[in-house]
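Written out below as structure tokens is the structure these notes cover.
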Amino acid sequence: MMDIWTKLQENYSAAEGRPIISLFDDPQRFDRFSVEANGLLLDFSKTSIDGAAFDLLLELAEMRDVAGQRDAMFRGERINRSEDRSVLHTALRAGDGGPLVIDGEDVRPGISKTLQAMEDFADGIRSGRIATAGGGAFTDVVNIGIGGSDLGPVMAVRALSPYHNGPRCHFVSNVDGAQISDTLRKLDPRSTLVIIASKTFTTIETMTNAQTAISWLKNGLGSAAASHLAAVSTALEKTAGMGISPERVFGFADWVGGRYSLWGPVGLPVMLAIGPAEFRNFLAGARDMDIHFLTEPGQRNMPLLMGLVGIWHRNICRYSTRAILPYDQRLAKLPAYLQQLDMESNGKRVSISGDLLERDSGPVVWGEAGTNGQHAFYQLLHQGTEIIPAEFLVAARSHEPSLRDHHDLLKANCLAQSEALMLGRSLEQAAEIAAELGFSGKEQSVQAGFRTFPGNRPSLTLAYPLLTPYSLGQIIALYEHRVFVEGAIWGINSFDQWGVELGKELASTLVPMIKGAPADGKDPSTRGLIRALSA
Ligand SMILES: O=P(O)(O)OC[C@H]1O[C@](O)(CO)[C@@H](O)[C@@H]1O
């Protein structure tokens, strides 16, 4: 019997060259190939997936038991096998969902307690009740973290700027001293709170930046520096070693992966910026997406369908990248956030049981806010030799009602791009344009070639009413589950990240060589570069 992968491939080959627009001969296509969840709409009708491929993809999800794998994750089974851990970031936003027992312990009371502690702290800082060493209010917060301890808060704080009514938030992630120096230069230690965020509390970039920030606080405040510090970590014993008092430490368990940690203490800068009530709305959006993912049947299940579209593009159409294109300037950091979420989760070449994968896994994820990208790389999206599925995000309304024209233009541009990618412009149409411009003969066909768009380039569009804490929560949880669905189909562990280790190990061997020790054992290129970089 032919397997589903082969059937999908045959479906694709049989329809190769068929214009996506012809699929709209089915007047129900938009309704059948879009799905709505609590105000969030995913349109995947502008892809080459037809009815038969849709059914096969759903069959593939069943064959791979995506629903069973999903339920195992939510139940707290140790699905992160290589690290022998449960994967329960969803518990951080589940509210009072009844007991959830891990290793004989109900983890819910601990989650509520930590959320309450975060809220008390955030309220205290925001109101001035938790005062600076000099008795004033904190005006600025610097979050020191990297990867999952940085990208989520950076992205969400920026996304939710219309809700900011707390201290200003700044972020330092890179070990490049330029970043911390440029950040601290603008700030006054007397009114600045420093949060050191690191799941492991060993990450060299964060530890180095933390020491620099603590010295800066000590220079300005002397022995009172500790009252300007807080920490977020799973390694509570290590935070004490840095002189951070226990009531200023917000812990979380190892069943929260770094890139999935925004929903708990790593989200503290977001809570400080927008307040606990709005942070709860953010959690509610994610929780509603979790419930949708857990309960909706396959044909209406947004994360499942988005994952299946990803599988179609990656494994059947063999597209190697996907572009995240938010037509929402406040989501400008979303592509970077999703790069970690997606590529650190699914950039794997062995299966969960350690065998080499038979198929390609995660694609390259990249992107930029629209309309800026239009004036940079969209040329390649429209006329390049690679086909790159585009993922558009756009809100019906903006937070700037007095600038309605701007938002109308933004929406028109977003829709124009997905339309242009799908429809393209034929050589004949381009020839007419060239003729109208006065070209004739050979030059007319040359000019027509430049103006031809092949079209038939797929896209997804996510539309939401307004970028609120709730809708941001929905969007992020949707992408988390999409990554889960794809990983479940590929049979990989989406929750470990062994690929980041080798570079870290080699960096530690290189530090003394950079400082002048002999570069014994290094390859000639690395030795040459050490020489070139010697200061
Ligand atoms: O929060 P930590 O432990 O400092 O880790 C930061 C980041 O480093 C990584 O481990 C990769 O090096 C990410 O997975 C993680 O988000």
Side-chain angles (χ1 to χ4, degrees), residues 79-89 92 114 118 142-157 171-176 179-180 194-214 229-242 244 249-270 333-348 362 365 476 479-480 483-484 487 492-511:
I79 62 166
N80 177 356
R81 285 210 217 140
S82 70
E83 296 179 310
D84 193 25
R85 288 177 185 165
S86 305
V87 174
L88 274 175
H89 49 279
L92 298 177
T114 303
M118 285 169 65
V142 177
N143 188 78
I144 295 183
I146 196 165
S149 300
D150 168 72
L151 288 162
V154 170
M155 178 274 298
V157 163
F171 296 89
V172 174
S173 52
N174 202 321
V175 76
D176 185 340
Q179 193 182 20
I180 194 158
V194 173
I195 301 175
I196 302 164
S198 174
K199 181 176 165 177
T200 55
F201 236 68
T202 57
T203 306
I204 192 69
E205 293 92 331
T206 302
M207 295 303 107
T208 306
N209 280 323
Q211 291 302 350
T212 302
I214 290 171
L229 278 172
V232 167
S233 186
T234 58
L236 305 187
E237 68 296 343
K238 296 200 175 84
T239 56
M242 210 177 257
I244 304 165
V249 178
F250 303 90
F252 58 107
D254 69 1
W255 37 255
V256 178
R259 54 193 173 274
Y260 297 88
S261 61
L262 176 59
W263 316 101
V266 167
L268 188 58
V270 187
K333 283 281 177 190
L334 184 70
Y337 174 79
L338 293 182
Q339 270 174 348
Q340 188 200 17
L341 179 65
D342 202 327
M343 294 166 76
E344 203 174 65
S345 297
N346 285 345
K348 312 272 165 75
V365 177
I476 301 308
Y479 272 101
E480 285 179 352
V483 166
F484 176 85
I492 57 186
N493 179 356
S494 300
F495 301 100
D496 58 11
Q497 55 284 320
W498 298 105
V500 302
E501 295 303 327
L502 181 57
K504 287 185 195 173
E505 284 166 28
L506 292 179
S508 67
T509 67
L510 278 158
V511 172

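Whatever order the structure lists them in is the order used to number ligands and atoms, beginning at 1. Positions are given from 1, in the same order as the sequence printed here.
- In this structure, the protein non-hydrogen atom closest to atom 14 (O) of ligand 1 is Glu344 OE1, 2.8 Å.
- For Lys199, heavy-atom contacts with ligand 1 shorter than 4.0 Å involve the backbone as well as the side chain.
- Residues Val172 and Val142 form a side-chain contact, since some pair of their non-hydrogen atoms from C-beta on lies under 4.5 Å apart.
- Remark: Ser173 pairs with Ile146, Asp150, Gln179 by the side chain to side chain contact (heavy atoms under 4.5 Å, CB included) rule, at least two apart or across chains.
- Residue-level proximity to ligand 1 for Thr200 is carried by backbone and side chain together, each with a heavy atom below 4.0 angstrom.
- The atoms of ligand 1 that sit less than 4.0 Å from any heavy atom of Gly148 are 15 (C), 16 (O).
- Sorted by first then second residue, the side chain to side chain donor-acceptor pair (under 3.5 Å) pairs that include residues 256-270, not counting sequence neighbours, are Arg259-Glu344, Arg259-Ser345, Arg259-Gln497, Tyr260-Ser345, Trp263-Glu480.
- Ligand 1 lies nowhere less than 4.0 angstrom from a heavy atom belonging to Glu501.
- In this structure, Ile214 and Ile196 have side chains that are in contact, with non-hydrogen atoms separated by less than 4.5 Å.
- A donor-acceptor contact shorter than 3.5 Å links the side chain of Gln339 to the backbone of Val365.
- Ranking protein heavy atoms by distance to atom 7 (C) of ligand 1, first place goes to Ile146 O, 3.7 Å.
- Ligand-side atoms of ligand 1 in range of Lys504: 10 (O), 12 (O), range being under 4.0 angstrom from any heavy atom.
- If you number the atoms of ligand 1 from 1 as listed, the ones under 4.0 Å from a heavy atom of Thr203 come out as 2 (P), 3 (O), 4 (O), 5 (O).
- With hydrogens and angles ignored, the 3.5 Å screen pairs no side-chain donor or acceptor of Asn209 with any backbone N or O of Ile144.
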